[in-house]
Amino acid sequence: MPEVKKVSEGIFEVVKDKKQLATKNLDPGKAVYGEKLIPVEGIEYRIWDPRRSKLGAMVLKKFDIPLKEDSKVLYLGAASGTTVSHVSDIVSEGAVYAVEFAPEV
Ligand SMILES: C[S@@+](CC[C@H](N)C(=O)[O-])C[C@H]1O[C@@H](n2cnc3c(N)ncnc32)[C@H](O)[C@@H]1O
């Protein structure tokens with residue numbers, strides 16, 4: 001059984017073979033960008049790859065991420081949604097408004 005430790009509000013470390021950053025999947029069963037989904041005691045965690053997300057890397061570097069369950073976030077430059085999908089998991093009782101202007105993404 002993987003071990004889960006809380007890193008900060010809505011952000012976790014899942015230990016299964018190795019330590020991996022994760023958020024609780026707000027949409028269980030669905031991966032956004034091919035990330036691993038790991039169920040632990042009835043909760044599904046989505047692995048958050050800090051090599052693909054500056055915000056994820058900031059969490060690993062122990063920056064204070066001032067997001068709360070009920071935060072309302074204006075996310076500028078969402079690209080294809082990798083990081084903003086984890087922000088959405090974190091603010092599960094709040095809202096995320098994501099803005100992106102590139103038609104390709
Ligand atoms: C480095 S990518 C963002 C990656 C994303 N934040 C993530 O971590 O998954 C920067 C994005 O910002 C978008 N962008 C830049 N200027 C913008 C603007 N003025 N309005 C909306 N999106 C913009 C770009 O099109 C690009 O997709």
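Note that ligands are numbered from 1 as they come in the structure, with each ligand's atoms numbered from 1 the same way.
Looking at Ser53, its side chain never comes within 3.5 Å of a backbone N or O of Asp49 through a donor-acceptor pair. Formation of a donor-acceptor pair under 3.5 Å by the Glu13 side chain with backbone atoms of Leu21 is not found in this model. A donor-acceptor pair under 3.5 Å is formed between the side chain of Asn25 and the backbone N or O of Lys30. The closest donor-acceptor contact from the side chain of Arg46 to the backbone of Ser85 lies under 3.5 Å.
Nearest protein neighbour of atom 12 (O) of ligand 1, counting heavy atoms only, is Gly77 CA, 3.2 Å. At the top of the distance list for atom 1 (C) of ligand 1, counting protein heavy atoms only, stands Lys54 NZ, 3.9 Å. The protein heavy atom nearest to atom 24 (C) of ligand 1 is Glu100 OE2, 3.5 Å. In terms of protein heavy-atom proximity, atom 21 (C) of ligand 1 is nearest to Phe101 N, 3.4 Å.
Those atoms of ligand 1 that come under 4.0 Å of a heavy atom in Thr82, given as number and element, are 9 (O). In summary, the atoms of ligand 1 found under 4.0 Å from a heavy atom of Ala79, numbered by their order in the structure, are 3 (C), 4 (C), 27 (O). Remark: ligand 1 atoms within the under-4.0 Å shell around heavy atoms of Ala102 are 25 (O). When each atom of ligand 1 is checked for a heavy atom of Tyr75 under 4.0 Å away, the hits are 5 (C), 6 (N), 7 (C), 8 (O).
Ring geometry for His86 versus Tyr33: interplanar angle over 60°, hence perpendicular rather than tilted (30 to 60°).
The shortest N/O to N/O separation between Val105 and ligand 1 does not fall below 3.5 Å. Between Gly81 and ligand 1, no N or O atom pair is found at a separation short of 3.5 Å.
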